[in-house]
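Reading through the structure tokens given below for one structure.
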Number of protein chains: 2
Amino acid sequence: MNPTILIVEDEPAIQELLAVNLKHAGFLVVKAGSAEAGDSAIRAALPDLVILDWMLPGQSGVALAKKLRQDERTRELPIIMLTARVHEEDKVQGLEAGADDYVTKPFSPKELVARVRAVLRRRAPHLAGESVDIQGLVLNPGTHRVTAGGQTVELGPTEFRLLFFFMTHPERVYTRAQLLDEVWGDHVFIEERTVDVHIRRLRAALEASGHQDRVETVRGTGYRFRGH
Amino acid sequence: MNPTILIVEDEPAIQELLAVNLKHAGFLVVKAGSAEAGDSAIRAALPDLVILDWMLPGQSGVALAKKLRQDERTRELPIIMLTARVHEEDKVQGLEAGADDYVTKPFSPKELVARVRAVLRRRAPHLAGESVDIQGLVLNPGTHRVTAGGQTVELGPTEFRLLFFFMTHPERVYTRAQLLDEVWGDHVFIEERTVDVHIRRLRAALEASGHQDRVETVRGTGYRFRGH
DNA sequence: GCCGCTCGCTACGCTTTCGTCACAAGCTCT
DNA sequence: AGAGCTTGTGACGAAAGCGTAGCGAGCGGC
């Protein structure tokens with residue numbers, strides 16, 4: 001549920017500075033030391049935002065940004081460019097390459113965290129802790145509250161995370177294994193049928209609030225959340 | 001807890017005059033010499049109020065004000081415009097740009113401080129040292145006292161700071177780690193479970209004053225203060 | 001129409017998490 | 001220096017939430 005941020009930066013000191021501050025701000029951090037490593041990391045596990053250094057050994061940050069903008073899967077991936085240069089032409093070039101924001105070194109950690117939040121708020125509101133509203137069913141990650149028509153919906157922690165995932169990924173079928181990965185976290189050993197039980201509990205809570213048939217069963221595959 | 005004020009002013013003499021008087025009035029002061037520097041300073045550490053000069057080298061104060069009003073993060077940030085001009089059209093333009101108040105040079109320091117307090121009182125009451133009232137539970141930052149229906153609520157210093165934080169950030173869930181950061185201060189090494197104990201003490205004090213269930217437990221995450 | 005597979009549902013035991021208490025150390029004020 | 005209050009911490013019992021097994025029903029294929 002916490003946003004994952006990929007840092008692509010070759011200088012260990014700056015990489016660490018960024019990582020410490022972002023972690024402290026509640027983000028999950030993945031690091032890469034080159035554009036190529038960053039590219040791999042993105043393919044391995046799609047992050048929610050990328051902080052990309054301008055100058056990198058080998059392939060440059062701008063080149064990677066352009067590449068990411070061409071691939072359909074990463075077209076929407078928010079990018080913040082990091083650079084030591086202060087020339088105006090670079091800024092233009094960076095934004096043309098598809099960067100969402102632009103930070104010049106030296107920067108204050110607070111400023112960077114603020115910019116990360118701002119970009120996430122613009123590009124992926126729910127990751128910035130803003131509430132998700134699907135047809136009167138409102139889930140607020142900040143307050144951990146779910147309401148249906150003003151009425152509070154009572155949910156356990158697992159049901160809350162399950163609903164959060166569904167509401168941020170509606171209209172798409174997920175297998176039990178996928179849901180276990182996404183909602184329970186990777187590398188857990190839990191029976192797949194356990195998902196059924198939590199689906200049942202979630203359905204019961206939603207129906208008690210007047211939301212029938214929001215979670216659909218796709219026989220032989222898994223479940224899907226109705227977004228409309 | 002003391003409000004932070006950002007001064008964006010290019011003339012050192014006026015900048016200093018403002019800073020001295022505001023500090024004397026108990027405010028924390030941050031200075032910037034241009035609109036661009038001011039913009040960075042705002043992103044680096046969101047101040048509680050901005051004093052913005054009309055005429056600035058480079059980007060003007062009005063332009064910055066408009067920009068601040070467009071960003072969601074700074075939309076609510078109180079702004080006081082400062083100008084040497086006395087033309088009525090400027091005032092209109094300034095207020096249209098989103099300024100909360102308008103002070104013309106030359107000004108008396110006392111007047112400026114008074115206006116700062118007035119704007120804070122209107123936009124963020126608790127920062128002006130005014131009491132926060134949530135459903136009959138009244139907390140006064142100035143006198144450090146809490147009352148419920150006229151009756152004084154007895155609290156230790158830590159419980160007071162905890163309640164203050166909760167009342168100024170109601171309806172939002174905070175983890176124990178976040179509460180330690182916000183209430184105890186950064187970089188302290190204290191067991192997370194200690195938060196539980198202070199929550200318990202706070203609850204006991206509130207319940208003795210007739211406020212049941214104000215602090216809610218969010219299992220697996222942390223605590224939340226009910227604001228309604 | 002029968003058989004097998006898949007899913008819904010209930011009940012139960014266990015793990016995790018939380019609330020509470022008691023105590024000792026620290027701080028402040030006199 | 002001493003008294004009194006405040007605070008941090010460990011321990012323990014309670015409760016909530018969770019995972020799993022088992023059974024029955026429904027759907028689909030042959």
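To find a chain, count down the sequence lines: A is the first, B the second, and so on, and within it residues start at 1.
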Taking A:Arg115 for its side chain and A:Ile80 for its backbone only, find out whether a donor-acceptor pair lies under 3.5 Å.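 Answer holds: no.
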
Looking at B:Asp48 and B:Thr4, would you say the former's side chain and the latter's main chain have a donor-acceptor pair under 3.5 Å?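 It does hold such a pair.
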
Return the value, rounded to whole Å, for the distance between atom [atom1] of [X] and atom [atom2] of [N].
| X | N | atom1 | atom2 | answer |
| --- | --- | --- | --- | --- |
| A:Arg200 | D:dA25 | CZ | P | 16 Å |
| A:Leu202 | D:dC18 | CG | P | 12 Å |
| A:Asp196 | D:dA25 | CG | P | 18 Å |
| A:Leu179 | D:dG19 | CG | P | 13 Å |

Aromatic plane relationship, B:Phe165 with B:Tyr174 - under 30° parallel, 30 to 60° tilted, over 60° perpendicular
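Perpendicular: the ring planes of B:Tyr174 and B:Phe165 meet at over 60°.
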
Please identify each residue that fulfils salt bridge (charged side-chain N to carboxylate O under 4.0 Å, His left out) with A:Arg123, with sequence neighbours left out.
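So A:Arg123 forms a salt bridge (charged side-chain N to carboxylate O under 4.0 Å, His left out) with A:Glu76, A:Asp100.
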
* **For A:Arg73, salt bridge (charged side-chain N to carboxylate O under 4.0 Å, His left out) partners two or more places apart** =>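 So A:Arg73 forms a salt bridge (charged side-chain N to carboxylate O under 4.0 Å, His left out) with A:Asp71.
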
- prompt: Is it true that B:Arg203 and B:Asp213 have a side-chain N and a carboxylate O under 4.0 angstrom from each other?
  reply: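 Salt bridge absent between B:Arg203 and B:Asp213.
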
inquiry  = Tell me every residue that passes side-chain contact (heavy atoms from CB on, under 4.5 Å) with A:Ile190, counting only those two or more places apart in sequence or in another chain.
reply    =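 By the side-chain contact (heavy atoms from CB on, under 4.5 Å) rule, A:Ile190 matches A:Leu180, A:Trp184, A:Val188, A:Thr194.
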
Legend entry - Residue-phosphate contact under 4.0 Å: A:Tyr223 side-chain N/O, C:dG8 OP1/OP2: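 Result: yes.
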
Going by side chain to side chain donor-acceptor pair (under 3.5 Å), name the pairs with one or both residues in residues 148-158 of chain B, residues two or more places apart or in two chains.
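Output for this query lists B:Arg145-B:Thr152.
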
Quick tally for nucleotides 5-13 of chain D: nucleotides whose base has a protein heavy atom under 4.0 Å get B, sugar-phosphate-only ones S, the rest -, giving -SBBBS---

Tell me which residues in residues 211-222 of chain B lie within less than 4.0 Å of DNA chain C, going by non-hydrogen atoms.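 Listed by number, they are B:Thr217, B:Arg219, B:Gly220.
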
